Every structure is written in structure tokens, then in C-alpha cells.
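Since the model is a prediction, treat every value here as computed from it, not as a measurement. Note that the numbering runs from 1 along the sequence shown for the chain.
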Amino acid sequence: MSSAIKQGQWAILLWPYLLTTSIPLDCRDEQGGLSRCPSISQEKLLDRVIQHAELIYRVSEESCSLFEEMFIPFPLQLQRNQAGYPCITKALPIPSSKSEIQQISDKWLLHSVLMLVQSWIEPLVYLQTTLNRYDGVPDMLLNKTKWVSDKLMSLEQGVVVLIKKMLDEGLMTTTYSEQGLFQDDGQPEMLEYVMRDYTLLSCFKKDAHKMEILLKLLKCRQNDIHSCA
């Protein structure tokens, strides 16, 4: 039995535990306003945001591995790596190298995380639709991608409130569009759907890890800016 399938079986057993032990980050009240999270201290809110980012990255990694195991033969995995399919967030002005990340301000750290989060909300909703085209797609994969999509919106709420708390300012709006990903290509072949979704999952996993790294760097700076790497 493959390692991804074994991990999937464990994930089914641990899934209820994962959902119940994660700290809620839903900031919206009954009227849709962000009135809940402002009552939380800045330190605790940052901890919750980091925990959400960690969980999102972990589940995105599991989802990508499961998709790869189910639908991507090894030669196509090599093809994807060699072709260098661009990620939809490639055009975003977000630092990538270690030296660049160390030099940016706390303000830009937070806004970088927010840009990444907001850029992935629509694509993950799109992914829910495309996965329904697959024959034999496991419920576990559908549930994981739906869970990540929902948690990403909660993470957005937490980061928005965190920006207001830490920076005492409004939001920096982004004009980035995912139009290139969602353009109508008529009726693409199933292989094209598979490679497109595989690229989407792989790119999101990478960006989810970047969100986690940026937030943990911010947390470190709050404690001792001179020792953060």
C-alpha cells in the first residue's frame, strides 16, 4: 500500500480531532462585522493566526500529496517540474529570498500575507468545482480542499483585524487578478484539467508555507527583533 494512501487513512481517523482542536478564528458577528477578534489581545490573535496558517499548510500538503498519488503518474510529475508552470501569485510584489524577507517592515510582512490569502480565495473555490469533474475522486480530498478554503477565509479575517491592531490603519487594496487562470479555453482535455489543478495545489502549498514563515517571523520580531532569521 502506498505511503500517501496510508497517510490518508490516518488523516480520516485524525480529521475530527484536527477540526475540534484548532482554535476558532471567525471574527465576524451576526451582522457580518469584524467585532469578535478586536476583543482578543494582539498577542493571542497573532498566535491564533499563526496556528491557522500552520494547519492550512499542513492540510494543503496532504491534499497535494493525495491528488498526486491519485491522478498524477510519475512521468507527468517530471513534466510539470520541467515545464515550469507559473503560479498565479508570481506577479505579486512579495519578497521571496531570505535576505529580502529580513529587510521588509512589519507592515509589509502583514500586507504580504494578506495579499497571498486574498489571491487564493477565488482559486480554491474554483478548485471545488473542477474536482467534481474527476471520476473516483475521494471524499477525503474534497473535504480537505473545502476545509482549507473555509479556513483561508477565516485567516483573512484574522489578518485584517491584526493589521488594524498592529498598524492602526486601513487595508492596502490589491489589484491583482487571476484572470489568466480562469480564462475560458472552451473544452480542455481532461489531462489539461488535471495538470492545471495539480499546479494550483502545488502553488498553493508553496504559498501557504510562505504565509506561515512570514507570520512566524513577525511573531519573532515582536519578541526579539535581533535574533530573528
Checking [X] now: which residues fulfil side-chain hydrogen bond (donor to acceptor under 3.5 Å, both in side chains) with it, not counting sequence neighbours?
X    : result
K216 : E54, E212
T145 : Q128
E43  : none

For the residue pair [X] and [Y], establish whether any side-chain heavy-atom pair is separated by less than 4.5 Å.
X    : Y    : answer
L110 : L214 : no
K219 : I50  : yes
D197 : F71  : no
K107 : I163 : no
F204 : T89  : no
S60  : L201 : no
R196 : T130 : no

Could you walk me through whether K210 and S96 satisfy the side chain to side chain contact (heavy atoms under 4.5 Å, CB included) test, starting with their C-alpha distance in whole Å, then the side-chain angles of each, then the deciding distance to 0.1 Å, before giving a yes or no? CA-CA 9 Å; K210 185 177 292 186; S96 55; 4.2 Å; yes
Assess the residue pair Q42 and L45 against the criterion (side chain to side chain contact (heavy atoms under 4.5 Å, CB included)); give the C-alpha distance rounded to whole Å, side-chain angles, the decisive distance to 0.1 Å, and a yes or no. CA-CA 5 Å; Q42 176 179 306; L45 179 58; 5.8 Å; no
Side-chain (S65) to main-chain (E62) donor-acceptor, under 3.5 angstrom: no
Donor-acceptor check, side chain of S202 to backbone of T199, threshold 3.5 angstrom: yes or no? no
More than 12 heavy atoms of other groups within 6.0 Å of K146 NZ: no
Give the C-alpha distance, both sets of side-chain angles, the deciding distance and a yes or no for side chain to side chain contact (heavy atoms under 4.5 Å, CB included) between M115 and W108. CA-CA 10 Å; M115 278 192 290; W108 193 248; 3.9 Å; yes
Geometric class of the F67/Y134 ring pair [parallel <30°, tilted 30-60°, perpendicular >60°]: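 Perpendicular, since the angle between the ring planes exceeds 60°.
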For the pair M166 and L218, evaluate side chain to side chain contact (heavy atoms under 4.5 Å, CB included) and give the outcome as yes or no after the intermediate values. CA-CA 11 Å; M166 295 184 69; L218 180 63; 3.9 Å; yes
